[in-house]
Amino acid sequence: MRHIALDANRLNANIKALSAFGANAQGGVSRVAYGDFDRAGRAYVMDLMRVADLDVRIDFAGNIFGRRAGTNATLKPLVFGSHIDSVPDGGNFDGTVGSLSAIEIARSLAESRVRTRHPIEVVVWANEEGGLYGSRALSGQLTVSELDNVAWSGKTIAEGMGFLGGTPSRVNETRRQRGDIAAYIELHIEQGGTLEREALNIGVVEGIVGIRQWEVTVTGFQNHAGTTPMDQRHDAMLSAARFVDMVNRVVRAEPGRQVGTVGRLLAFPGAPNVIPGRVVCTLELRDLDASKIQRLFDGILGEAGRIGDANGTTFEFHSLHENVPAPSDPAIRAIIDDAAKELKLTTRHMPSGAGHDAQAMAQLGPMGMIFIPSIGGVSHSPKEFSMATDIERGARVLMGALLKADTLV
Ligand SMILES: [Zn+2]
C-alpha cells in the first residue's frame with residue numbers, strides 16, 4: 001500500500017490547542033457537553049475540518065459531520081471520529097485523540113491527493129459523556145422523553161442540542177438505518193492500564209461490554225439494637241453484607257473478564273442503635289456476552305435467596321438500566337490487525353469496559369475500535385495522559401485501517 005504522510009507534530013499540536021478550551025487548574029479540561037467551552041471547541045474543530053477540505057455540517061442532534069465525496073457515488077460512507085466533550089474535571093485525551101486524529105487523516109489524504117472510493121465522513125459526536133446522546137440519535141436509540149434530561153451544563157438535552165446548532169424538534173430525522181454506513185472506526189485511549197502494563201502498542205477492541213444494573217432491596221425487621229438478642233434478629237444489613245461478598249465470589253468463580261460491583265448501599269433507618277429493617281443497594285454486571293451476564297445474575301439470585309432464608313430477610317431485584325453488548329465486526333478487527341502489523345506494532349484483542357459512541361454505531365453497520373495506551377490506566381481525570389508517540393501510532397493504524405476498509409467493504 002502506498003505510503004501517505006501523516007503530520008504527527010501537527011496532530012499533537014492541535015490536541016494541545018484544543019485543550020485550551022475549558023482548561024482547568026489541574027491541567028485537564030472541564031468541557032462538559034452543551035457548555036460555552038464545548039461550543040467554542042466545536043467551532044475550532046469545524047475550522048480544522050474545513051482546512052482538511054471537508055464539507056462541514058451540524059446535524060439536528062448537534063453532531064458535526066465533515067464529508068468528502070468518494071470516487072464511487074453508489075457506496076455508503078466510511079465514518080470515523082469520536083467526541084470532544086469531557087466529564088467535569090476531565091482530561092485532554094478522552095475523545096480528543098480520536099476526533100483530531102480523524103481530521104488529521106482527512107487532511108493527510110487531501111494533501112496527498114488520495115481519493116477514497118467511499119465517501120468519508122469525519123464525525124465529532126455531541127454529548128458522549130452524558131450518555132451517547134448524539135450517536136444514539138443517529139442509531140435511533142434516543143427516546144423523545146430523554147430530551148428533557150438535564151446535562152452537566154445545566155441545560156436540558158433539547159436546549160443543549162439547539163445551543164450547538166442542532167434542531168431538537170427534528171432530531172428523529174437525523175436517524176440512519178442499518179446499512180447506511182459502510183463501516184465505523186473509532187480511535188480512543190484505552191482508559192485502563194492493560195496496554196501499558198503489557199508494554200503493547202495497540203488494542204484491537206473485541207466489543208463494548210453490556211451493562212446491567214439493578215436496585216436491590218433487602219427487607220428484614222427493624223428493631224431495638226439493645227433489647228433484641230442476636231439469634232432473634234432479621235438484620236437487613238447483615239444480609240446485605242453477605243450479598244456484597246457473595247457477588248464478588250460468584251463473578252470471580254468462572255474464567256473471563258466479567259466484572260460485578262455493588263456500588264451503593266443505604267441502610268434504613270440508619271441509626272447506630274437500630275437494627276436496619278431495610279437496605280437498598282445496587283448490583284452492576286458487565287461482560288461482552290449477554291448470556292453470561294444473565295447466567296451470573298441467575299446465580300446471584302439463587303444465592304441471595306439462600307442468604308435471605310438464613311436470617312429471615314428477603315431480596316427484591318428491580319432492573320435500573322440495561323445496555324446490550326456491542327461486539328465489533330470480525331472483518332474490521334482483522335483490518336485493524338493488518339494495519340498494525342504493517343506498521344510493526346504490537347497488538348492485543350481486548351473488550352472495552354467503558355461505553356463509547358461506537359456501540360451506537362454498531363447498530364448501523366460494521367464497527368471497529370482502536371485503543372492506545374493510557375499511562376497509569378488513569379482517565380476521566382486531569383491526570384489522564386497518552387504519549388505523543390502512541391497517539392501517532394494510533395492515528396497511523398486508523399488511517400491504514402480506513403484505506404483497507406475502503407478497498408474491502
Ligand atoms: Zn471517550
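Atoms within each ligand, like the ligands themselves, are counted from 1 in listed order. These figures come from a predicted structure and were not determined experimentally.
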Is there a donor-acceptor pair closer than 3.5 Å between any side-chain N or O of N273 and the backbone N or O of A225?
no
Single hit among N311, D309, T219, T314 for side chain to side chain donor-acceptor pair (under 3.5 Å) with S239
N311
Listing residue and atom name, which protein N/O/S atoms are closer to the Zn ion (ligand 1) than 2.8 Å?
H83 NE2, D94 OD1, H188 NE2
Using a 6.0 Å distance limit plus a 45 degree cone around the ring axis, check whether R278 lies over the aromatic ring of F268.
yes
I'd like to know if the side chain of H321 and the backbone of Q213 have a donor-acceptor N/O pair within less than 3.5 Å.
no
How are the rings of F297 and F317 set relative to one another: parallel (under 30°), tilted (30 to 60°) or perpendicular (over 60°)?
perpendicular
How about R333 and S328: does a side-chain donor come under 3.5 Å of a side-chain acceptor?
yes
